[in-house]
Amino acid sequence: MFNLQNYIGGELRAARSGEYLHNYEPATGAVYSRIPASGPADINDAVEAARAAFPGWAGMAARDRGAHMLRVAELVRQNLDRLAEAESRDNGKPVWLAREVDIPRASENFRFFGTAAEHFSSEAHQMADGSINYTLRRPVGIVGCISPWNLPLYLFTWKIAPALATGNCVVAKPSEITPTTAFLFSELCREAGLPPGVLNIVHGDGAGAGSAIVSHPEIKAISFTGGTATGKHIASTAAPMFKKLSLELGGKNATMVFADCDFERTVKETVRASFANQGEICLCGSRILVEESIYERYRDAFVAEVQKLTVGDPKEPTSRQGALVSEAHMQKVLDYIALAREEGGTILTGGKRVYPGGRCENGWFVAPTVIEGLGPRCRTNQEEIFGPVVTLQSFKNDDEAVANANSTQYGLAFSMWTESVHRAHGLARRLDCGIVWINTWLQRDLRTPFGGMKNSGVGREGGWEAMRFFTEAQNVCVGA
Ligand code: NDP
């Protein structure tokens, strides 16, 4: 058992209350560390540290800010194994997945925005009489970054990096459910010599530490990734304070499989799009829509492939599926499976908790689950489950596929599987979602706009979008 600490003003310290929250290992169900139960007093300390650091950091040459960030990126890379093991232990995901995806991407986030700092530029507009307008892009000041538990260090750094690159000082809170890599990251920031107060990491729950960030009058922008209900709550506090808001929220993504797809590849890739990270990725496709003429063939091949996914100890390289992040989340997923049965769905595979035995006997594992026989309007096909559960539905033609894909309150990321470029191109612009993948899934170029339409969010992250979000545009007009 060890205690994590907050990172405030360059120092590691306990919460002012001296209280701690339990941190669990999902694979065993046991408590293994404690995190500071921070609240408004700790957020005040972090804001004070950020205020003191701001003039130096904002006034530093972009190249030097970038150099600090590149040092952090390099240390994350050097600590790949340690961070991957910590991420797996905290979240339940397989170690191999954290090694291949989460931690390299965290390093890449800092490298990408560290170099972007130097290349960021703004516009100039010349007028007919020779007057010239130029745009200054000034850092917002002190900003708040709040991230979820599913891709802990990956999403935490995805927010912090553009904020720092543009000269802001940050008060950040990782999810209380997966705090460890953020704590290890704060140690690496100290080792990298990041100036004290530039980044402050405060641990605690949403009600205590999270809401204190959102409501703090000196924190001028909030970048949040999490559930739609939490996003709504955050907006209700931040909007009347006129804070800038970036909200990356839930999804209920469609995977659209057409009869002219590359069949074998589509089956393989759509299994990954359904169950990667135990289905706990906001981008996972949870509603698979299949063209009628290949429905049975696809269903049988898909189910056979899903049954090959080994559920087991996240430490084992052979485990394709690890544990779900918490007991409460596992229960939520099992409740949705029960609901799907009540709504008339047929469970084709999975549908139950798994007990892998050994040290994982009490862990929170659920078998990858495939359901058919439900229409688009039922709750199972409308609400976000955020676990290893997908449904299969068939469609007759493109119009029906589009209508079904667009039928939920969400609009985050859809994928389409067809060999017809013409068809895919035509359909993409009819889909109400922020990201469309064609014959690929989770292929990320960090320069592209990232985010959702409808209740999946407000604003976009990624590339210049994120750099603009974390800056205030000021127009300066010089008369002729
Ligand atoms: P939550 O909304 O429960 O929590 C997200 C973060 O917000 C956590 O750090 C949480 O703290 C904090 N929080 C909770 N309540 C408040 C509050 N009142 N004020 C401020 N902060 C608060 O989401 P989950 O962690 O459960 O993550 C899963 C959700 O995230 C899913 O809906 C998923 O779709 C979405 N998501 C969206 C992505 C996107 O890019 N669109 C990417 C990844 C996930 P704590 O955990 O300590 O309570």
Side-chain angles (χ1 to χ4, degrees), residues 4 21-24 35-40 43 90-91 93 102 105 144-156 158-159 171-180 182 201-216 219 222-238 243 245-253 276-286 324-326 328-330 332-333 336 383-387 408-413 433-435 442 444 448-462 465-466:
L4 274 53
L21 302 167
H22 284 154
N23 185 31
Y24 295 84
I35 69 163
S38 311
I43 299 300
D90 241 8
N91 171 277
K93 69 180 71 202
D102 294 69
R105 173 60 191 275
C145 297
I146 301 175
S147 55
W149 48 255
N150 63 327
L151 301 167
L153 193 62
Y154 173 135
L155 290 176
F156 193 60
W158 178 235
K159 297 186 169 306
V171 179
K173 189 193 93 62
S175 171
E176 96 197 48
I177 302 169
T178 52
T180 308
I201 300 176
V202 185
H203 294 274
D205 62 13
S211 60
I213 292 177
V214 176
S215 60
H216 198 292
I219 296 182
I222 302 290
S223 175
F224 168 81
T225 298
T228 294
T230 317
K232 194 170 173 183
H233 180 75
I234 285 175
S236 72
T237 304
K243 296 188 183 208
L245 265 180
S246 168
L247 303 174
E248 298 297 335
L249 309 175
K252 186 74 179 175
N253 306 307
N277 204 47
Q278 299 73 240
E280 296 168 329
I281 302 183
C282 54
L283 308 166
C284 278
S286 51
L324 298 195
V325 76
S326 67
H329 189 59
M330 175 186 72
K332 176 186 149 180
V333 171
Y336 267 108
E383 297 176 14
E384 185 183 42
I385 301 174
F386 211 57
T408 79
Q409 62 165 315
Y410 299 107
L412 192 50
C433 59
I435 299 159
L442 201 60
R444 293 281 296 116
T448 59
F450 178 88
M453 293 183 188
K454 304 196 304 194
N455 291 357
S456 288
V458 176
R460 293 291 181 275
E461 297 185 319
E465 299 271 354

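All ligand and atom numbering here is 1-based and tracks the order in the structure.
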Measure the distance from atom 7 (O) of ligand 1 to every protein heavy atom, then report the residue, atom name and distance (to 0.1 Å) of the closest one.
Phe224 CE1, 3.1 Å
If you measure every N or O of Pro148 against every N or O of ligand 1, does any of those distances drop under 3.5 Å?
no
the protein heavy atom lying closest to atom 21 (N) of ligand 1 turns out to be Gly210 CA, 3.6 Å
If only side-chain N and O atoms count, and only distance matters, is there a donor-acceptor pair under 3.5 Å linking Glu383 with Tyr336?
yes
With a heavy-atom distance limit of 4.0 Å, tell me whether Leu249 approaches ligand 1 through its side chain, its backbone, both, or neither.
backbone
How close does the nearest protein non-hydrogen atom get to atom 24 (P) of ligand 1, and which residue and atom is it?
Trp149 NE1, 3.3 Å
Does Leu155 come within less than 4.0 angstrom of ligand 1, counting non-hydrogen atoms of the residue?
yes
Ranked by distance from atom 12 (C) of ligand 1, the top protein heavy atom is Ile146 CG2, 3.7 Å
Side chain, backbone, both or neither: the part of Ile213 lying under 4.0 Å from ligand 1 by heavy atom:
neither
Has ligand 1 got any nitrogen or oxygen that is less than 3.5 angstrom from a nitrogen or oxygen of Thr230?
yes
Location of contacts on Asn150 toward ligand 1, heavy atoms closer than 4.0 Å:
side chain
So Thr225 and Glu461, do their side chains get closer than 4.5 Å, heavy atoms only?
yes
Testing the 3.5 Å rule here: is there a donor-acceptor pair between the side chains of Ser147 and Lys159?
no
Which residue from Gly250, Cys282, Gly226 reaches closest to atom 35 (C) of ligand 1 through any of its heavy atoms?
Gly226
Where is the nearest protein heavy atom to atom 28 (C) of ligand 1: which residue, which atom, and how far?
Phe386 CE2, 3.6 Å
For atom 23 (O) of ligand 1, the protein heavy atom that lies nearest, with its residue and separation:
Gly227 N, 3.3 Å
Structural part of His233 in contact with ligand 1, heavy atom criterion under 4.0 angstrom:
side chain
If you define the side chain from C-beta out and look only at heavy atoms, does anything of Asn23 sit under 4.5 Å from Pro179?
yes
Tell me whether Gly457 reaches ligand 1 (any heavy atom closer than 4.0 angstrom to a ligand atom).
no
Please indicate whether any nitrogen or oxygen in Ser175 is less than 3.5 Å from any nitrogen or oxygen in ligand 1.
yes
For ligand 1, find out whether one of its N or O atoms is nearer than 3.5 Å to an N or O atom of Thr225.
no
What is the closest protein heavy atom to atom 13 (N) of ligand 1, and at what distance does it sit?
Gly206 CA, 3.5 Å
Please tell me if the side chains of Ser38 and Ile43 come closer than 4.5 Å, counting only heavy atoms from C-beta onward.
no
Do you see a protein non-hydrogen atom under 4.0 Å from atom 47 (O) of ligand 1?
yes
Straight-line distance of Glu384 CD to Leu412 CG, nearest 0.5 Å:
8.5 Å
Just wondering, do Leu21 and Ile35 contact through their side chains at under 4.5 Å, heavy atoms?
yes
Main-chain N/O of Ser223 paired to Ser246 side chain as donor or acceptor, under 3.5 Å:
no
Write out the residue and atom name of the closest protein heavy atom to atom 31 (C) of ligand 1, then the distance separating them to 0.1 Å.
Glu384 OE1, 3.5 Å
Do Leu245 and Ile234 have side chains that approach each other closer than 4.5 Å (heavy atoms only, starting at C-beta)?
yes
Measuring from the heavy atoms of Gly204, does anything fall under 4.0 Å of ligand 1?
yes
Enclosure of Lys232 NZ (heavy-atom neighbours >12, cutoff 6.0 Å)
no
Would you say the side-chain atoms of Asn150 and Glu280 include a donor-acceptor pair closer than 3.5 Å?
no
N or O pair under 3.5 Å between Ser147 and ligand 1:
yes
Mind checking whether Leu412 has an N or O less than 3.5 Å away from an N or O of ligand 1?
no
With a 4.5 Å cut-off on side-chain heavy atoms, are Pro148 and Leu155 touching?
yes
